[in-house]
Amino acid sequence: MEIVILAVLIAVVVLGAISGLVVSGRKKKQLPPSPPAAPKPSVTAPPAEPHVGEEAETPRDEERRTIEEVTLPTAEAPEAEAPAAEPEAPVAPAIEVPEPTAGRLVRLRARLSRSQNTLGKGLLTLLSRERLDEETWEEIEDTLLTADVGVAPTQELVDRLRERVRVLGTRTPEDLRALLREELLALIGTEADRTVHTANGIGNGGDEIPGVVLVVGVNGTGKTTTTGKLARVLVADGKSVVLGAADTFRAAAADQLQTWGERVGARTVRGPEGGDPASIAFDAVKEGIAESADVVLIDTAGRLHTKTGLMDELGKVKRVVEKHGPVGEVLLVLDATTGQNGLVQARVFAEVVDITGVVLTKLDGTAKGGIIVAVQRELGVPVKLVGLGEGADDLAPFEPEAFVDALIGD
Ligand code: GDP
């Protein structure tokens, strides 16, 4: 009896072993040829868990094969390559094509006149009064001073207007508009060269180097934004640009600039937070030369803690950049809403570095467009660009005619 039971048990074990071999043999045949040296990490993959959604229709046997098939090649390839490709594949940011710059001021004119018409329209209304007595002339003077035109230019303008109105005799609205247009244009100046100088320079080694533009100004005036917008202006005009994030004082400035750059495909050279602005500026120009870029725009930090500090920092940035070659343009960014304070800033910067052009920002938010006259007088350099909003293309080349037309309407 015992012998019979033992024989039955042996038979069961032998049969079980044989059927197991058959199943695993079938399984092997269905698999793709496996690489001989494949190590075992596939085994470490959770074998029992089916993929989400497969459970209902996939038999368990099939599921196991799926896992082996997937994991084997992974083990064969270096780990860093295969899985990295999928989740970390860099998504190239869409490069924007900014709108052309020609005639921007005319297009943005509505924004300008909304804030400025107190000046132009106010003057026209006063000049149209039947009797131009002393009181009226004083009101004209006040209107100009309120718009930040400045004391001396205001006096000059009023004197010329008085004289010309007297000679004119009868005053039709058209006459007055033409007269005021002419006098405001004379005050702003139509002769100055308002182009931003971005042409290639000759480097100290005798080769051509990119045009270099330093953007300076007190933090908060819109300096970094303006640098970004200017990059767009240049790209719109067909130039290639490298940006230098040398404002290492304000934590977010480099990121902000880089974002502007990425939108138009311009590389940003940056350094560690609080790093040496001069060395970043130097590297930016070096990169511009290596890339054969047309222009290098350098955003600088505008700390007015002490004049000496500013002088040291900006002076050094300029000197270090000049080791490559000339700086073509130094743009001072001023916030038009800061009035007299802006003029004080302008004076300090002008003592530290040779300003070659002014960018007046936030003209959309103020009725104090007269600052254009005052700052040009103060520095003896022209306003070259004006900021008319926070939008990416709200920076316009300054055109005196379009500006004055927006002030007084045509
Ligand atoms: P930075 O510290 O001088 O570099 O200043 P930012 O470039 O960061 O600008 C300060 C703020 O001014 C930001 O909110 C800008 O969007 C805003 N800004 C710059 N230019 C203009 C402009 O022309 N009009 C208006 N309304 N805002 C502006």
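Positions are given from 1, in the same order as the sequence printed here. Atoms within a ligand are numbered from 1 in the order they appear, just like the ligands themselves.
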Practice prompt. Tell me which part of V333 gets within contact of ligand 1: side chain, backbone, both or neither, using heavy atoms under 4.0 Å.
Written response: neither

Worksheet item: Hey, which of L388, L385, D405 is the one that makes side chain to side chain contact (heavy atoms under 4.5 Å, CB included) with L105?
Response: L388

Discussion item. Below 4.0 Å, non-hydrogen atoms only: which portion of L388 touches ligand 1? Side chain, backbone, both or neither.
Written reply: backbone

Worksheet item: In the protein, which heavy atom is nearest to atom 18 (N) of ligand 1, and how far is it?
Response: K362 CE, 3.8 Å

Return a table of donor-acceptor pairs under 3.5 angstrom between the side chains of residues 203-212 and protein atoms on other chains or two or more places apart.
from: N204; atom 1: ND2; to: E322; atom 2: O; distance (Å): 2.8
from: N204; atom 1: ND2; to: K323; atom 2: O; distance (Å): 2.8
from: E208; atom 1: OE1; to: N200; atom 2: ND2; distance (Å): 3.0

Response to the item:
A student comparing V215, T224, D335 should find that the heavy atom closest to atom 4 (O) of ligand 1 comes from T224

Fill in: Sole residue of T224, T226, T225, T268 in side chain to side chain donor-acceptor pair (under 3.5 Å) with D299
T224

Item to complete: Please indicate whether any nitrogen or oxygen in E390 is less than 3.5 Å from any nitrogen or oxygen in ligand 1.
Response: yes

Practice prompt. Provide, to 0.1 Å, the distance between atom 24 (N) of ligand 1 and the closest protein heavy atom, together with that atom's residue and name.
Written response: D364 OD1, 2.9 Å

Worksheet entry | Sub-4.0 Å atoms of ligand 1 with respect to non-hydrogen atoms of V218 | 3 (O)

Discussion item. Regarding ligand 1, does D247 bring an N or O atom to under 3.5 Å of one of the ligand's N or O atoms?
Written reply: no

Item to complete: Ignoring angles and geometry beyond distance, decide whether T361 reaches within less than 3.5 Å of ligand 1 through its nitrogen or oxygen atoms.
Response: no

Worksheet item: Of all the non-hydrogen atoms in the protein, which one sits nearest to atom 8 (O) of ligand 1, and at what distance?
Response: Q256 NE2, 3.1 Å

Discussion item. Does atom CZ (R171) have a neighbourhood of more than 12 heavy atoms from anything else shown, all under 6.0 Å?
Written reply: yes

Fill in: Closest protein heavy atom to atom 1 (P) of ligand 1, given as residue, atom name and distance to 0.1 Å
G220 N, 3.3 Å

Worksheet item: To the nearest 0.1 Å, how far is atom 7 (O) of ligand 1 from its closest protein heavy atom, and which atom is that?
Response: T225 OG1, 2.4 Å

Worksheet item: Can an N or O of G222 be found at a distance shorter than 3.5 Å from an N or O of ligand 1?
Response: yes

Item to complete: Evaluate the criterion salt bridge (Lys or Arg N to Asp or Glu O under 4.0 Å) for residue pair K229 and E390; output intermediate values, then yes/no.
Response: CA-CA 10 Å; K229 287 178 181 172; E390 298 193 67; over 6 Å; no

Worksheet item: Going by distance only, is there an N or O of D394 that falls short of 3.5 Å from an N or O of ligand 1?
Response: no

Worksheet entry | Carboxylate-amine/guanidinium proximity below 4.0 Å for E313 and K318 | no

Item to complete: Mark up the atoms of ligand 1 that fall under 4.0 Å of a heavy atom belonging to N219, in ascending order.
Response: 2 (O), 3 (O)

Worksheet item: Would a distance-only check, ignoring hydrogens and angles, find a side-chain to backbone donor-acceptor pair under 3.5 Å from Q376 to I188?
Response: yes

Item to complete: Look at ligand 1 and say whether G389 reaches it with a heavy atom at a distance under 4.0 Å.
Response: yes

Worksheet item: With the threshold set at 4.0 Å, does a side-chain nitrogen-carboxylate oxygen contact exist between E262 and R267?
Response: no

Discussion item. If you apply the rule salt bridge (Lys or Arg N to Asp or Glu O under 4.0 Å), what do you find for E399 with R194, and how did you get there?
Written reply: CA-CA 8 Å; E399 300 160 37; R194 296 185 194 271; over 6 Å; no

Discussion item. Run the salt bridge (Lys or Arg N to Asp or Glu O under 4.0 Å) test on E401 and R181 for me, step by step, so that the C-alpha distance in whole Å, both residues' side-chain angles and the decisive distance to 0.1 Å come before the verdict.
Written reply: CA-CA 8 Å; E401 288 85 356; R181 184 178 192 276; over 6 Å; no

Item to complete: Using a strict cut-off of 4.0 Å, indicate which atoms of ligand 1 neighbour a heavy atom of G387.
Response: 23 (O)

Item to complete: Write down the atom of A231, the atom of L243, and the distance for their closest heavy-atom approach.
Response: CB-CD2, 4.0 Å

